[in-house]
Amino acid sequence: MTLIVEQPLYQMDIEKVVDTVSWDSFSQQSFLIIGASGMIGSFMVDVLMKANQKFSLDMKVYAMGRNQERLMQRFAPYLSEENFHIQIGDITKPLPESLQVDYLIHGASNTHPKAYATDPIGTIMTNLMGTEVVLKHAVTTKAKRVLFLSTVEVYGENRGDVELFSEDYCGYIDCNTLRAGYPEGKRVSESLCQAYIAKYGIDVVIPRLSRAFGPTMLLSDTKASSQFILNAVRGEDIVLKSAGTQHFSYIYVGDAVTSLLYLLQHGENGEAYNVAGGAPFDLRLKELAADLATIGGAKVIFELPDEIEQKGFSKASKALLDIAKLENLGWQPLFDKEEALRHTVEIVKDEYLNV
């Protein structure tokens with residue numbers, strides 16, 4: 001198996017991000033990436049380490065997760081570097097006080113339907129308890145800033161009264177369901193952030209991420225977009241388990257990471273910001289499937305979901321994000337839709353299938 005960081009196309013995307021970020025304020029700073037083996041966390045680590053290498057920034061990077069073997073394998077190229085550290089731990093347990101960093105990025109969470117259905121308690125508590133652990137640690141160690149990675153799902157179902165969700169919108173969520181654990185866990189965690197800001201004066205910014213995709217996805221990810229990508233990688237027909245009319249905002253992982261770094265520098269304390277790729281990434285599910293089928297040389301077919309999958313599916317049929325607030329700060333996406341989708345398929349194919 002070829003490591004993803006050795007893939008030329010992946011390195012091209014990393015370089016594109018690194019060359020766009022203004023790094024001066026991050027020089028000699030330290031970062032704790034919680035959920036470092038996940039899609040966004042792993043890309044973030046690669047970007048920080050590439051920036052260190054390219055610009056001699058002397059940034060310290062702590063990659064945190066529960067599985068030491070997975071972290072050691074994923075970040076093997078950095079293990080001998082003095083500015084890189086693996087931190088093994090469950091974020092629902094207290095962090096050691098000796099771990100003092102400038103920036104804490106809390107991205108640990110179940111993020112796909114099957115996990116919501118099979119680990120519903122973990123889905124809620126990794127957000128709620130994990131967020132409390134992060135915030136307490138920020139108070140104790142006087143961290144400069146916390147990023148709590150929230151989600152488009154906090155908006156619930158579109159009530160039919162808006163085209164795009166702005167940050168002050170609040171749709172409908174039936175909290176008395178198994179599936180509600182993910183959005184409600186994120187909602188209450190956002191409220192906890194506000195409570196800690198009010199009581200302790202810490203600095204927290206909340207990016208609300210749209211549906212993210214990219215080559216750092218986990219093969220176990222059961223999100224529709226991830227399954228479509230794997231179909232395209234294998235040259236298989238793409239299976240739609242609905243009519244495909246769901247209309248969602250998406251973001252490429254490279255743009256997600258640029259937005260997080262931008263918010264570390266420019267976001268306002270206590271504010272939430274929608275994060276998405278813009279109008280070209282506002283896609284109906286059948287459009288996303290068709291685009292990926294074209295890349296994979298296959299076609300789209302329809303199939304009913306099984307019972308476990310159905311329990312994990314969102315009821316939302318339209319969730320488009322208004323990103324004006326983030327754009328008004330000065331952030332813009334880097335990657336166009338075709339580039340993002342094609343790079344995802346080609347990098348995953350090279351990494352996992354060696355073809």
Side-chain angles (χ1 to χ4, degrees), residues 5 14 17-68 70-72 74-109 130-149 193 196-197 200-207 216 253 256-269:
V5 294
I14 294 293
V17 171
V18 167
D19 289 344
T20 303
V21 175
S22 176
W23 291 101
D24 290 348
S25 66
F26 289 140
S27 180
Q28 298 184 318
Q29 301 297 288
S30 51
F31 301 77
L32 174 62
I33 315 299
I34 303 160
S37 60
M39 180 193 299
I40 292 173
S42 59
F43 197 101
M44 173 70 81
V45 170
D46 290 333
V47 165
L48 292 172
M49 294 307 294
K50 173 61 74 173
N52 254 350
Q53 179 188 53
K54 189 166 186 176
F55 301 119
S56 302
L57 296 170
D58 194 28
M59 298 184 298
K60 290 184 172 58
V61 178
Y62 295 82
M64 181 172 175
R66 291 176 295 182
N67 189 316
Q68 182 171 359
R70 181 188 295 172
L71 290 170
M72 297 278 283
R74 175 61 179 81
F75 301 120
Y78 313 135
L79 296 179
S80 62
E81 298 195 24
E82 62 179 13
N83 282 350
F84 178 78
H85 309 274
I86 283 179
Q87 182 74 31
I88 305 302
D90 183 333
I91 195 54
T92 62
K93 306 294 191 299
L95 294 165
E97 283 193 28
S98 59
L99 181 58
Q100 300 199 10
V101 297
D102 297 298
Y103 301 108
L104 296 102
I105 301 173
H106 179 20
S109 178
T131 302
E132 184 177 35
V133 166
V134 170
L135 297 173
K136 281 184 174 179
H137 192 73
V139 172
T140 302
T141 62
K142 297 179 172 55
K144 288 185 177 179
R145 172 156 281 185
V146 174
L147 279 190
F148 170 64
L149 273 58
C193 290
Y196 268 79
I197 292 168
Y200 296 107
I202 63 172
D203 189 306
V204 186
V205 176
I206 303 168
T216 48
V253 65
V257 167
T258 66
S259 75
L260 300 184
L261 291 169
Y262 200 85
L263 287 173
L264 281 178
Q265 294 173 317
H266 303 289
E268 292 187 30
N269 187 17

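Side chains are part of it too, since the values below use all heavy atoms of this structure and drop only hydrogens, waters and symmetry mates. As the structure is a prediction and not an experimental result, all values here were calculated from the model.
- For the residue pair Leu104 and Ala143, the shortest heavy atom distance occurs at CD1-CB, 3.3 Å.
- Screening Leu32, Thr131, Val204 against His106 for a side-chain contact (heavy atoms from CB on, under 4.5 Å) leaves a single residue, Thr131.
- Taken from CG in Leu99 to OG1 in Thr140, the straight-line distance is 11.5 Å, to the nearest 0.5 Å.
- Taking every heavy atom of both residues into account, Gly130 and Thr92 meet most closely at N-CG2, 4.3 Å.
- Residues satisfying the side chain to side chain donor-acceptor pair (under 3.5 Å) criterion with Asp58, sequence neighbours excluded, are Asn83.
- Under the side-chain contact (heavy atoms from CB on, under 4.5 Å) criterion, Pro77 pairs with Leu3, Val5, sequence neighbours left out.
- Under the rule for a side chain to side chain donor-acceptor pair (under 3.5 Å), the partners of Lys144 that lie at least two apart in sequence or sit in another chain are Gln29.
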Counting only pairs under 3.5 Å, give me each side-chain donor-acceptor contact of residues 39-50, with atom names and distances, residues two or more places apart or in other chains.
residue	atom	partner	partner atom	Å
Ser42	OG	Gly38	O	2.7
Ser42	OG	Met39	O	3.3
Asp46	OD1	Tyr78	OH	2.6
Asp46	OD2	Tyr10	OH	2.6
Asp46	OD2	Arg74	NH1	3.4
Asp46	OD2	Arg74	NH2	2.5
Lys50	NZ	Gln11	OE1	3.0
Lys50	NZ	Gln53	OE1	3.1

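- Rounded to the nearest 0.5 Å, atoms CG (Asn52) and NZ (Lys60) are 9.5 Å apart.
- From Asn67, atom CG reaches atom OG of Ser37 across 7.0 Å, with rounding to the nearest 0.5 Å.
- For Gln100, the side-chain contact (heavy atoms from CB on, under 4.5 Å) partners two or more places apart in sequence, or in a different chain, are Thr141.
- Smallest separation of non-hydrogen atoms from Pro96 and Gln87: CG-NE2, 3.8 Å.
- In this structure, the side chain to side chain donor-acceptor pair (under 3.5 Å) partners of Gln265, at least two apart in sequence or on a different chain, are Ser25.
- The salt bridge (Lys or Arg N to Asp or Glu O under 4.0 Å) pairs that include a residue from residues 17-36 are Asp19-Lys54, where partners are two or more places apart or lie in different chains.
- In this structure a side-chain-to-backbone donor-acceptor pair under 3.5 Å is missing from Arg70 to Gly65.
- Residues passing the ring-ring contact (aromatic ring centres under 6.0 Å, His included) test with Phe26, sequence neighbours excluded: Trp23, Phe31, Tyr103.
- Taking the side-chain contact (heavy atoms from CB on, under 4.5 Å) definition, one finds that Ile88 meets it with Gln68, Leu71, Ile86, sequence neighbours left out.
- In this structure the side chain of Leu135 never reaches within 4.5 angstrom of the side chain of Phe148, judged on heavy atoms.
- Looking only at side-chain heavy atoms (C-beta outward), Val133 and Leu95 come within less than 4.5 Å of each other.
- Atoms CG and CD1, from Asn269 and Ile206 in turn, are 9.5 Å apart once rounded to the nearest 0.5 Å.
- Every residue was checked against the side chain to side chain donor-acceptor pair (under 3.5 Å) condition with Ser259, not counting sequence neighbours, and none meets it.
- Between the OG atom in Ser27 and the CG atom in Leu57 there is a gap of 5.5 Å [rounded to 0.5 Å].
- For Tyr196, the ring-ring contact (aromatic ring centres under 6.0 Å, His included) criterion is met by Tyr200, not counting sequence neighbours.
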